[in-house]
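Right, one structure below, let's go through it.
Reckoned from all heavy atoms, side chains included, excluding hydrogens, waters and symmetry mates. Lettering of chains follows the sequences in order, A, B, ..., and the numbering in each one begins at 1.
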Number of protein chains: 2
Amino acid sequence: MPGQRSITEAEKLAAAKLGGIPIRREQMAVVANIYRAASAVRQHLENSVLRGSDLTWTAFVVLWVIWIWGESETRHVAEEAGISKGTLTGVSRTLEARGLVRRAGHPTDGRLVLLSLTEEGEQLMRRVFPQFNEEEAFVAGQLSDEECRSVADGLRRVVLQVEEHGEERRLALLDGAEPAPRRSGRRPKA
Amino acid sequence: MPGQRSITEAEKLAAAKLGGIPIRREQMAVVANIYRAASAVRQHLENSVLRGSDLTWTAFVVLWVIWIWGESETRHVAEEAGISKGTLTGVSRTLEARGLVRRAGHPTDGRLVLLSLTEEGEQLMRRVFPQFNEEEAFVAGQLSDEECRSVADGLRRVVLQVEEHGEERRLALLDGAEPAPRRSGRRPKA
DNA sequence: TTCGTACAATTTGGTGCCGAACGATATCGT
DNA sequence: ACGATATCGTTCGGCACCAAATTGTACGAA
(Lines give C-alpha, C1' and ligand atoms only; values in the text may rest on other atoms or scores of the structure.)
Protein backbone atom coordinates (compact mmCIF):
# COMPACT_ATOMS: atom_id res chain seq x y z
CA MET A 1 0.00 0.00 0.00
CA PRO A 2 0.91 3.60 -0.63
CA GLY A 3 3.74 5.07 1.34
CA GLN A 4 1.79 8.26 1.69
CA ARG A 5 4.74 10.54 1.26
CA SER A 6 2.11 13.21 1.73
CA ILE A 7 -0.16 14.41 -0.98
CA THR A 8 0.42 18.06 -0.42
CA GLU A 9 4.09 17.58 -1.16
CA ALA A 10 3.14 15.84 -4.37
CA GLU A 11 1.00 18.82 -5.30
CA LYS A 12 3.89 21.20 -4.91
CA LEU A 13 6.14 19.03 -7.00
CA ALA A 14 3.49 18.68 -9.68
CA ALA A 15 2.98 22.42 -9.71
CA ALA A 16 6.71 22.95 -10.10
CA LYS A 17 6.86 20.49 -12.99
CA LEU A 18 4.16 22.40 -14.77
CA GLY A 19 5.81 25.76 -14.40
CA GLY A 20 2.97 27.65 -12.88
CA ILE A 21 0.03 26.07 -14.65
CA PRO A 22 -2.62 25.92 -11.93
CA ILE A 23 -3.71 22.63 -10.41
CA ARG A 24 -7.07 21.82 -8.87
CA ARG A 25 -5.56 20.61 -5.63
CA GLU A 26 -8.60 19.59 -3.66
CA GLN A 27 -10.06 17.65 -6.55
CA MET A 28 -6.75 15.93 -7.16
CA ALA A 29 -6.52 14.95 -3.51
CA VAL A 30 -10.02 13.57 -3.40
CA VAL A 31 -9.49 11.36 -6.45
CA ALA A 32 -6.12 10.12 -5.25
CA ASN A 33 -7.50 9.22 -1.86
CA ILE A 34 -10.59 7.53 -3.24
CA TYR A 35 -8.33 5.19 -5.11
CA ARG A 36 -5.92 4.61 -2.24
CA ALA A 37 -8.77 3.90 0.12
CA ALA A 38 -10.45 1.50 -2.29
CA SER A 39 -7.26 -0.52 -2.73
CA ALA A 40 -6.54 -0.57 0.98
CA VAL A 41 -10.04 -1.64 1.91
CA ARG A 42 -10.27 -4.29 -0.76
CA GLN A 43 -6.93 -5.74 0.15
CA HIS A 44 -7.70 -5.82 3.84
CA LEU A 45 -11.03 -7.54 3.33
CA GLU A 46 -9.63 -10.06 0.87
CA ASN A 47 -6.78 -10.96 3.18
CA SER A 48 -8.88 -11.19 6.30
CA VAL A 49 -12.40 -12.56 5.96
CA LEU A 50 -12.69 -13.41 2.27
CA ARG A 51 -9.65 -15.63 1.90
CA GLY A 52 -10.81 -17.67 4.83
CA SER A 53 -13.88 -18.61 2.78
CA ASP A 54 -11.96 -18.85 -0.47
CA LEU A 55 -13.76 -15.90 -2.05
CA THR A 56 -12.40 -13.10 -4.18
CA TRP A 57 -13.74 -9.59 -3.74
CA THR A 58 -15.73 -9.83 -6.93
CA ALA A 59 -17.17 -13.21 -6.08
CA PHE A 60 -18.29 -11.85 -2.74
CA VAL A 61 -19.90 -8.79 -4.26
CA VAL A 62 -21.81 -10.95 -6.71
CA LEU A 63 -23.02 -13.23 -3.94
CA TRP A 64 -24.01 -10.21 -1.89
CA VAL A 65 -26.08 -8.72 -4.69
CA ILE A 66 -27.96 -11.97 -5.26
CA TRP A 67 -28.41 -12.44 -1.54
CA ILE A 68 -29.90 -9.01 -1.06
CA TRP A 69 -32.04 -8.72 -4.12
CA GLY A 70 -32.99 -12.36 -4.49
CA GLU A 71 -33.23 -14.21 -7.79
CA SER A 72 -32.18 -11.71 -10.47
CA GLU A 73 -31.39 -11.46 -14.14
CA THR A 74 -27.69 -11.48 -14.88
CA ARG A 75 -27.55 -8.05 -16.48
CA HIS A 76 -28.98 -6.49 -13.31
CA VAL A 77 -26.52 -8.37 -11.14
CA ALA A 78 -23.63 -7.25 -13.34
CA GLU A 79 -24.67 -3.62 -13.18
CA GLU A 80 -25.25 -3.69 -9.45
CA ALA A 81 -21.93 -5.43 -8.84
CA GLY A 82 -20.14 -2.98 -11.10
CA ILE A 83 -18.67 -5.56 -13.50
CA SER A 84 -19.29 -6.30 -17.16
CA LYS A 85 -21.70 -8.99 -18.30
CA GLY A 86 -18.82 -11.00 -19.71
CA THR A 87 -17.02 -11.06 -16.40
CA LEU A 88 -20.18 -12.12 -14.63
CA THR A 89 -20.60 -15.11 -16.91
CA GLY A 90 -17.27 -16.47 -15.71
CA VAL A 91 -17.71 -15.59 -12.05
CA SER A 92 -21.23 -16.96 -11.82
CA ARG A 93 -20.17 -20.21 -13.42
CA THR A 94 -17.36 -20.59 -10.94
CA LEU A 95 -19.81 -20.00 -8.12
CA GLU A 96 -22.24 -22.45 -9.66
CA ALA A 97 -19.50 -25.07 -9.81
CA ARG A 98 -18.87 -24.52 -6.11
CA GLY A 99 -22.54 -25.07 -5.38
CA LEU A 100 -23.21 -21.55 -4.11
CA VAL A 101 -25.29 -20.21 -6.99
CA ARG A 102 -28.05 -21.61 -9.18
CA ARG A 103 -28.47 -20.58 -12.81
CA ALA A 104 -31.88 -21.03 -14.34
CA GLY A 105 -33.46 -19.97 -17.59
CA HIS A 106 -36.30 -17.46 -17.50
CA PRO A 107 -39.66 -19.26 -17.78
CA THR A 108 -41.03 -17.13 -20.61
CA ASP A 109 -38.08 -15.25 -22.10
CA GLY A 110 -35.48 -17.72 -23.28
CA ARG A 111 -32.78 -15.10 -23.57
CA LEU A 112 -32.55 -14.42 -19.88
CA VAL A 113 -30.69 -16.28 -17.18
CA LEU A 114 -31.74 -15.98 -13.56
CA LEU A 115 -29.27 -16.25 -10.72
CA SER A 116 -30.16 -17.27 -7.20
CA LEU A 117 -28.33 -18.60 -4.15
CA THR A 118 -28.44 -22.25 -3.21
CA GLU A 119 -29.10 -23.12 0.40
CA GLU A 120 -25.35 -23.53 0.78
CA GLY A 121 -24.86 -20.04 -0.65
CA GLU A 122 -27.39 -18.62 1.80
CA GLN A 123 -25.61 -20.28 4.69
CA LEU A 124 -22.29 -18.93 3.51
CA MET A 125 -23.60 -15.38 3.41
CA ARG A 126 -25.23 -15.64 6.81
CA ARG A 127 -21.88 -16.73 8.14
CA VAL A 128 -19.54 -14.44 6.17
CA PHE A 129 -21.43 -11.17 5.94
CA PRO A 130 -21.29 -10.40 9.67
CA GLN A 131 -17.52 -10.92 9.58
CA PHE A 132 -17.30 -8.74 6.52
CA ASN A 133 -19.31 -5.99 8.12
CA GLU A 134 -17.13 -6.25 11.20
CA GLU A 135 -14.09 -5.47 9.06
CA GLU A 136 -15.92 -2.65 7.34
CA ALA A 137 -16.33 -1.23 10.80
CA PHE A 138 -12.64 -1.75 11.45
CA VAL A 139 -11.43 0.11 8.38
CA ALA A 140 -13.78 2.99 9.17
CA GLY A 141 -12.71 2.86 12.80
CA GLN A 142 -11.19 6.33 12.80
CA LEU A 143 -14.45 7.92 11.63
CA SER A 144 -17.48 8.69 13.74
CA ASP A 145 -20.89 7.61 12.48
CA GLU A 146 -21.55 11.18 11.48
CA GLU A 147 -18.28 11.39 9.58
CA CYS A 148 -19.08 8.12 7.82
CA ARG A 149 -22.37 9.56 6.65
CA SER A 150 -20.68 12.69 5.44
CA VAL A 151 -17.94 10.88 3.52
CA ALA A 152 -20.42 8.40 2.05
CA ASP A 153 -22.60 11.27 0.93
CA GLY A 154 -19.72 13.04 -0.76
CA LEU A 155 -18.73 9.87 -2.59
CA ARG A 156 -22.29 9.29 -3.67
CA ARG A 157 -22.25 12.72 -5.29
CA VAL A 158 -19.10 11.77 -7.20
CA VAL A 159 -20.71 8.57 -8.45
CA LEU A 160 -23.84 10.43 -9.49
CA GLN A 161 -21.86 13.09 -11.30
CA VAL A 162 -20.13 10.46 -13.42
CA GLU A 163 -23.28 8.44 -13.98
CA GLU A 164 -25.37 11.40 -14.99
CA HIS A 165 -22.92 13.52 -16.94
CA GLY A 166 -19.92 11.30 -17.67
CA GLU A 167 -20.99 10.05 -21.06
CA GLU A 168 -21.95 13.49 -22.28
CA ARG A 169 -18.67 14.86 -20.99
CA ARG A 170 -16.63 12.23 -22.78
CA LEU A 171 -18.41 12.95 -26.02
CA ALA A 172 -17.77 16.66 -25.63
CA LEU A 173 -14.08 16.02 -25.02
CA LEU A 174 -13.68 13.85 -28.08
CA ASP A 175 -15.63 16.39 -30.07
CA GLY A 176 -16.31 14.26 -33.10
CA ALA A 177 -13.06 12.32 -33.11
CA GLU A 178 -13.28 8.52 -33.15
CA PRO A 179 -13.38 7.08 -29.64
CA ALA A 180 -9.79 5.75 -29.70
CA PRO A 181 -9.51 2.00 -29.37
CA ARG A 182 -8.59 0.27 -26.18
CA ARG A 183 -5.11 -1.20 -26.12
CA SER A 184 -6.10 -4.52 -24.65
CA GLY A 185 -9.05 -6.71 -25.55
CA ARG A 186 -10.33 -8.14 -28.76
CA ARG A 187 -9.57 -6.10 -31.85
CA PRO A 188 -12.44 -4.61 -33.86
CA LYS A 189 -13.10 -6.54 -37.05
CA ALA A 190 -12.93 -3.53 -39.34
CA MET B 1 -21.82 1.31 -13.21
CA PRO B 2 -23.95 0.57 -10.18
CA GLY B 3 -27.67 1.08 -10.46
CA GLN B 4 -27.75 2.58 -6.99
CA ARG B 5 -31.00 0.97 -5.97
CA SER B 6 -30.35 2.86 -2.76
CA ILE B 7 -28.06 1.62 -0.09
CA THR B 8 -30.46 2.15 2.74
CA GLU B 9 -32.87 -0.30 1.17
CA ALA B 10 -30.06 -2.80 0.92
CA GLU B 11 -29.36 -2.34 4.61
CA LYS B 12 -32.93 -3.15 5.53
CA LEU B 13 -32.89 -6.27 3.39
CA ALA B 14 -29.58 -7.37 4.84
CA ALA B 15 -30.87 -6.81 8.35
CA ALA B 16 -33.93 -8.89 7.56
CA LYS B 17 -31.76 -11.70 6.20
CA LEU B 18 -29.79 -11.78 9.40
CA GLY B 19 -32.78 -11.95 11.66
CA GLY B 20 -32.00 -9.05 13.91
CA ILE B 21 -28.25 -9.31 14.09
CA PRO B 22 -27.16 -5.68 14.08
CA ILE B 23 -25.37 -4.12 11.14
CA ARG B 24 -22.93 -1.25 11.19
CA ARG B 25 -24.82 0.76 8.61
CA GLU B 26 -22.70 3.85 8.28
CA GLN B 27 -19.51 1.85 7.95
CA MET B 28 -21.11 -0.41 5.40
CA ALA B 29 -22.24 2.57 3.38
CA VAL B 30 -18.84 4.22 3.43
CA VAL B 31 -17.07 1.09 2.17
CA ALA B 32 -19.63 0.46 -0.54
CA ASN B 33 -19.41 4.00 -1.79
CA ILE B 34 -15.63 4.10 -1.72
CA TYR B 35 -15.61 1.19 -4.07
CA ARG B 36 -18.34 2.52 -6.32
CA ALA B 37 -16.63 5.87 -6.57
CA ALA B 38 -13.26 4.34 -7.32
CA SER B 39 -14.68 2.29 -10.18
CA ALA B 40 -16.62 5.20 -11.58
CA VAL B 41 -13.67 7.57 -11.45
CA ARG B 42 -11.23 5.11 -12.92
CA GLN B 43 -13.56 4.22 -15.74
CA HIS B 44 -14.28 7.83 -16.58
CA LEU B 45 -10.62 8.78 -16.68
CA GLU B 46 -9.62 5.75 -18.68
CA ASN B 47 -12.33 6.37 -21.23
CA SER B 48 -11.68 10.09 -21.55
CA VAL B 49 -8.10 11.31 -21.29
CA LEU B 50 -6.09 8.12 -20.83
CA ARG B 51 -7.31 6.18 -23.84
CA GLY B 52 -6.46 9.11 -26.04
CA SER B 53 -2.82 8.63 -25.05
CA ASP B 54 -3.06 4.85 -25.04
CA LEU B 55 -2.45 4.58 -21.33
CA THR B 56 -4.11 2.34 -18.77
CA TRP B 57 -4.88 3.68 -15.32
CA THR B 58 -2.02 1.71 -13.81
CA ALA B 59 0.45 2.83 -16.44
CA PHE B 60 -0.53 6.43 -15.82
CA VAL B 61 -0.17 6.11 -12.06
CA VAL B 62 3.27 4.60 -12.47
CA LEU B 63 4.36 7.39 -14.80
CA TRP B 64 2.94 9.94 -12.40
CA VAL B 65 4.88 8.54 -9.46
CA ILE B 66 8.15 8.57 -11.37
CA TRP B 67 7.38 12.03 -12.73
CA ILE B 68 6.75 13.47 -9.29
CA TRP B 69 9.43 11.74 -7.29
CA GLY B 70 12.09 11.49 -9.95
CA GLU B 71 14.35 8.49 -10.48
CA SER B 72 13.27 5.87 -7.94
CA GLU B 73 13.82 2.27 -6.95
CA THR B 74 11.12 -0.05 -8.21
CA ARG B 75 9.93 -1.19 -4.81
CA HIS B 76 9.20 2.43 -3.84
CA VAL B 77 7.37 3.04 -7.09
CA ALA B 78 5.30 -0.10 -6.60
CA GLU B 79 4.34 0.85 -3.08
CA GLU B 80 3.50 4.41 -4.00
CA ALA B 81 1.47 3.29 -7.02
CA GLY B 82 -0.36 0.72 -4.94
CA ILE B 83 0.56 -2.31 -7.06
CA SER B 84 2.67 -5.39 -6.40
CA LYS B 85 6.31 -5.65 -7.41
CA GLY B 86 5.47 -8.32 -9.91
CA THR B 87 2.93 -6.16 -11.66
CA LEU B 88 5.36 -3.28 -11.83
CA THR B 89 7.92 -5.41 -13.61
CA GLY B 90 5.49 -5.94 -16.46
CA VAL B 91 4.15 -2.39 -16.57
CA SER B 92 7.56 -0.76 -16.46
CA ARG B 93 8.84 -2.97 -19.23
CA THR B 94 5.89 -2.07 -21.39
CA LEU B 95 6.55 1.60 -20.74
CA GLU B 96 10.23 1.09 -21.47
CA ALA B 97 9.36 -0.52 -24.79
CA ARG B 98 7.26 2.54 -25.63
CA GLY B 99 10.19 4.81 -24.88
CA LEU B 100 8.59 6.55 -21.91
CA VAL B 101 10.64 5.05 -19.09
CA ARG B 102 14.30 4.24 -18.56
CA ARG B 103 15.44 1.29 -16.43
CA ALA B 104 18.94 1.41 -15.00
CA GLY B 105 20.82 -0.68 -12.50
CA HIS B 106 21.84 0.88 -9.22
CA PRO B 107 25.53 1.90 -9.26
CA THR B 108 26.51 0.18 -6.02
CA ASP B 109 23.71 -2.22 -5.12
CA GLY B 110 23.30 -4.75 -7.91
CA ARG B 111 19.90 -5.93 -6.72
CA LEU B 112 18.16 -2.64 -7.36
CA VAL B 113 16.65 -1.23 -10.53
CA LEU B 114 16.09 2.50 -10.93
CA LEU B 115 13.23 3.91 -12.97
CA SER B 116 13.17 7.35 -14.55
CA LEU B 117 11.25 9.12 -17.30
CA THR B 118 12.75 9.66 -20.70
CA GLU B 119 12.38 13.07 -22.29
CA GLU B 120 9.46 11.66 -24.23
CA GLY B 121 7.92 10.50 -20.98
CA GLU B 122 8.34 13.95 -19.46
CA GLN B 123 6.68 15.55 -22.45
CA LEU B 124 3.81 13.11 -22.24
CA MET B 125 3.16 13.94 -18.61
CA ARG B 126 3.33 17.67 -19.18
CA ARG B 127 0.70 17.22 -21.85
CA VAL B 128 -1.55 14.62 -20.21
CA PHE B 129 -1.53 15.58 -16.56
CA PRO B 130 -3.40 18.87 -17.02
CA GLN B 131 -6.11 17.00 -18.92
CA PHE B 132 -6.20 14.39 -16.21
CA ASN B 133 -6.51 16.99 -13.50
CA GLU B 134 -9.28 18.67 -15.47
CA GLU B 135 -11.29 15.44 -15.34
CA GLU B 136 -10.54 15.02 -11.67
CA ALA B 137 -12.18 18.38 -11.28
CA PHE B 138 -15.11 17.19 -13.35
CA VAL B 139 -15.82 14.08 -11.30
CA ALA B 140 -15.62 16.13 -8.12
CA GLY B 141 -17.77 18.82 -9.68
CA GLN B 142 -20.64 18.40 -7.23
CA LEU B 143 -18.36 19.04 -4.26
CA SER B 144 -17.11 22.38 -3.04
CA ASP B 145 -13.42 22.79 -2.30
CA GLU B 146 -14.23 22.53 1.36
CA GLU B 147 -16.19 19.32 0.85
CA CYS B 148 -13.34 17.88 -1.19
CA ARG B 149 -10.97 18.53 1.66
CA SER B 150 -13.35 16.95 4.13
CA VAL B 151 -13.93 13.82 2.05
CA ALA B 152 -10.23 13.48 1.24
CA ASP B 153 -9.42 13.77 4.93
CA GLY B 154 -11.91 11.10 5.87
CA LEU B 155 -10.50 8.74 3.25
CA ARG B 156 -6.98 9.42 4.41
CA ARG B 157 -7.99 8.28 7.86
CA VAL B 158 -9.32 5.05 6.40
CA VAL B 159 -6.06 4.44 4.56
CA LEU B 160 -4.03 5.16 7.66
CA GLN B 161 -6.14 2.88 9.79
CA VAL B 162 -5.48 -0.05 7.44
CA GLU B 163 -1.82 0.80 7.02
CA GLU B 164 -1.14 1.16 10.70
CA HIS B 165 -3.33 -1.52 12.21
CA GLY B 166 -4.39 -3.78 9.33
CA GLU B 167 -1.64 -6.35 9.62
CA GLU B 168 -2.02 -6.67 13.35
CA ARG B 169 -5.77 -6.98 12.95
CA ARG B 170 -5.46 -9.73 10.38
CA LEU B 171 -3.13 -11.67 12.62
CA ALA B 172 -5.52 -11.31 15.54
CA LEU B 173 -8.39 -12.58 13.41
CA LEU B 174 -6.51 -15.64 12.24
CA ASP B 175 -5.38 -16.24 15.78
CA GLY B 176 -2.69 -18.74 15.04
CA ALA B 177 -4.36 -20.50 12.13
CA GLU B 178 -2.41 -20.78 8.90
CA PRO B 179 -3.04 -17.79 6.61
CA ALA B 180 -5.29 -19.68 4.15
CA PRO B 181 -3.99 -19.84 0.59
CA ARG B 182 -5.28 -17.69 -2.20
CA ARG B 183 -7.51 -19.46 -4.73
CA SER B 184 -5.79 -18.03 -7.76
CA GLY B 185 -2.09 -17.65 -8.36
CA ARG B 186 0.84 -19.98 -8.07
CA ARG B 187 0.41 -22.83 -5.60
CA PRO B 188 2.67 -23.01 -2.56
CA LYS B 189 5.35 -25.65 -2.90
CA ALA B 190 4.51 -27.49 0.30
C1' DT C 1 -44.60 -17.08 -42.61
C1' DT C 2 -40.57 -14.94 -42.91
C1' DC C 3 -37.61 -11.05 -42.57
C1' DG C 4 -35.34 -7.73 -39.91
C1' DT C 5 -34.33 -5.60 -35.78
C1' DA C 6 -33.61 -5.57 -30.86
C1' DC C 7 -31.71 -7.32 -27.08
C1' DA C 8 -30.08 -11.29 -24.12
C1' DA C 9 -25.93 -14.01 -22.59
C1' DT C 10 -21.71 -16.09 -24.05
C1' DT C 11 -17.21 -16.52 -26.35
C1' DT C 12 -12.89 -14.64 -27.45
C1' DG C 13 -8.55 -11.94 -27.36
C1' DG C 14 -5.81 -9.60 -24.66
C1' DT C 15 -3.99 -6.97 -20.56
C1' DG C 16 -4.12 -6.30 -15.40
C1' DC C 17 -2.80 -7.95 -11.18
C1' DC C 18 -1.70 -10.70 -7.10
C1' DG C 19 1.38 -13.62 -4.48
C1' DA C 20 4.47 -17.91 -4.24
C1' DA C 21 8.66 -19.44 -5.97
C1' DC C 22 13.00 -18.25 -7.81
C1' DG C 23 17.71 -16.52 -8.77
C1' DA C 24 21.01 -12.96 -7.81
C1' DT C 25 23.21 -9.85 -4.78
C1' DA C 26 24.27 -7.84 -0.22
C1' DT C 27 25.27 -8.32 4.63
C1' DC C 28 26.04 -10.15 9.02
C1' DG C 29 28.01 -13.51 12.24
C1' DT C 30 31.69 -16.35 13.29
C1' DA D 1 36.90 -16.28 4.47
C1' DC D 2 32.39 -18.10 4.16
C1' DG D 3 28.05 -19.90 5.00
C1' DA D 4 23.34 -18.34 6.84
C1' DT D 5 20.03 -14.89 6.15
C1' DA D 6 17.73 -10.98 4.26
C1' DT D 7 16.19 -8.44 0.43
C1' DC D 8 16.16 -7.15 -4.26
C1' DG D 9 13.61 -7.80 -8.94
C1' DT D 10 11.75 -11.35 -11.98
C1' DT D 11 9.16 -15.36 -13.29
C1' DC D 12 5.12 -18.00 -13.24
C1' DG D 13 0.28 -19.77 -12.45
C1' DG D 14 -4.13 -18.43 -12.39
C1' DC D 15 -8.34 -15.60 -11.90
C1' DA D 16 -10.35 -10.73 -12.96
C1' DC D 17 -12.00 -7.91 -16.32
C1' DC D 18 -13.15 -5.25 -20.41
C1' DA D 19 -15.10 -4.70 -25.06
C1' DA D 20 -15.83 -6.69 -29.65
C1' DA D 21 -17.66 -10.46 -31.91
C1' DT D 22 -20.86 -14.03 -31.79
C1' DT D 23 -24.88 -16.82 -30.95
C1' DG D 24 -29.50 -17.37 -29.66
C1' DT D 25 -34.24 -15.79 -28.59
C1' DA D 26 -38.25 -12.46 -29.07
C1' DC D 27 -41.20 -9.81 -31.60
C1' DG D 28 -43.12 -6.50 -34.81
C1' DA D 29 -43.84 -5.54 -39.88
C1' DA D 30 -44.50 -6.95 -44.55
Side-chain angles (χ1 to χ4, degrees), chain A residues 1 38-39 42-47 50-51 54-62 72-79 81-98 103-115 179-190, chain B residues 1 39 42-43 46-47 50-51 54-62 72-79 81-98 103-115 178-190:
Chain A
M1 274 309 94
S39 306
R42 175 172 175 160
Q43 200 146 339
H44 176 73
L45 281 157
E46 281 183 339
N47 290 336
L50 296 185
R51 236 155 82 168
D54 199 12
L55 293 172
T56 63
W57 174 273
T58 302
F60 176 80
V61 172
V62 167
S72 309
E73 302 169 16
T74 60
R75 65 211 154 112
H76 295 324
V77 174
E79 183 177 13
I83 60 179
S84 71
K85 298 181 299 170
T87 299
L88 180 59
T89 296
V91 171
S92 64
R93 274 214 281 246
T94 300
L95 293 172
E96 183 186 32
R98 286 183 56 191
R103 297 159 54 80
H106 190 283
T108 69
D109 190 334
R111 296 170 300 178
L112 305 181
V113 171
L114 298 174
L115 300 180
R182 201 171 198 258
R183 187 167 197 68
S184 79
R186 188 165 180 166
R187 294 278 170 276
K189 197 174 59 170
Chain B
M1 272 310 95
S39 305
R42 174 173 176 159
Q43 200 147 338
E46 281 183 340
N47 290 337
L50 295 185
R51 237 155 80 168
D54 199 13
L55 293 172
T56 63
W57 174 274
T58 302
F60 176 79
V61 172
V62 167
S72 311
E73 303 167 16
T74 59
R75 67 209 151 111
H76 295 324
V77 174
E79 184 176 14
I83 60 179
S84 71
K85 301 179 301 171
T87 300
L88 180 59
T89 297
V91 171
S92 64
R93 273 213 283 248
T94 301
L95 292 173
E96 183 186 33
R98 287 182 55 191
R103 297 159 54 81
H106 190 282
T108 69
D109 189 334
R111 295 170 302 179
L112 305 181
V113 172
L114 298 174
L115 300 180
E178 345 65 279
R182 201 172 199 259
R183 186 167 196 71
S184 78
R186 190 165 179 165
R187 293 280 169 274
K189 196 174 59 170

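Between L55(B) atom CG and dT15(C) atom P there is a gap of 15 Å when expressed in whole angstrom units. One interatomic measurement links the two molecules: CG of L112(B) to P of dT10(D), which rounds to 11 Å at whole-angstrom precision. In this structure, R103(A) atom CZ and dA9(C) atom P are separated by 10 Å, rounded to whole Å. The NE2 atom of H106(A) sits 11 Å away from the P atom of dC27(D) (whole-angstrom rounding). At whole-Å resolution of the value, CG in L88(A) and C1' in dA19(D) are 15 Å apart. As rounded to whole Å, 12 Å separates atom P of dT10(D) from atom CD1 of I83(B). Rounded to an integer number of Å, the gap from CD of E46(A) to P of dC15(D) is 15 Å. When rounded to the nearest whole Å, the span between CZ of R93(B) and C1' of dT10(D) equals 7 Å.
OP1 or OP2 of dC18(C) lies within a sub-4.0 Å distance of a side-chain N or O belonging to T87(B). The phosphate of dA16(D) has neither OP1 nor OP2 within less than 4.0 Å of any side-chain N or O from T58(A). In this structure, T74(B) reaches the dG9(D) phosphate: one of its side-chain N or O atoms is under 4.0 Å from OP1 or OP2. For the pair N47(B) and dC18(D), the criterion of a side-chain N or O lying under 4.0 Å from OP1 or OP2 is not met. For the pair T56(A) and dA16(D), the criterion of a side-chain N or O lying under 4.0 Å from OP1 or OP2 is met.
How far CG of L55(A) is from CG of L45(A): 12.0 Å, rounded to the nearest 0.5 Å. Expressed to the nearest 0.5 Å, how far CD of E79(A) lies from CD of E73(A) amounts to 11.5 Å.
Paired with T74(B) under the rule side chain to side chain contact (heavy atoms under 4.5 Å, CB included), one option of V62(B), V113(B), L114(B), L112(B) passes, and it is V113(B).
For G90(B) and K85(B), each mapped to the nucleotide of DNA chain C holding its nearest heavy atom, the one lying further toward the 5' end belongs to G90(B). Ranked by how close their nearest DNA chain D nucleotide is to the 5' end, G110(A) and V91(A) are led by V91(A). Residue order along DNA chain D, read from the 5' end via each residue's closest nucleotide, puts A59(A) first among A59(A) and D109(A).
When all heavy atoms of R103(B) and S92(B) are compared, the closest pair comes out as NH1-OG, 2.7 Å. Across all non-hydrogen atoms, the minimal contact from S72(B) to V77(B) is CB-CG2, 3.7 Å. Closest approach of A59(A) and T56(A) over heavy atoms only: N-OG1, 3.1 Å. Residues L50(A) and W57(A) share a closest heavy-atom pair of CD1-CA, 3.8 Å.
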Strictly under 3.5 Å: I want the nitrogen or oxygen pairs between protein and nucleotides 2-7 of chain C, one per line.
from	atom 1	to	atom 2	distance (Å)
dC7(C)	O2	R111(A)	NH1	3.3

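Across all strands, G86(B) comes closer than 4.0 Å to base atoms (heavy-atom distances). Across all strands, S92(B) comes closer than 4.0 Å to no nucleic acid atom at all (heavy-atom distances).
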- L88(A) and L115(A): side-chain contact (heavy atoms from CB on, under 4.5 Å), yes or no, with the steps? CA-CA 11 Å; L88(A) 180 59; L115(A) 300 180; 4.3 Å; yes
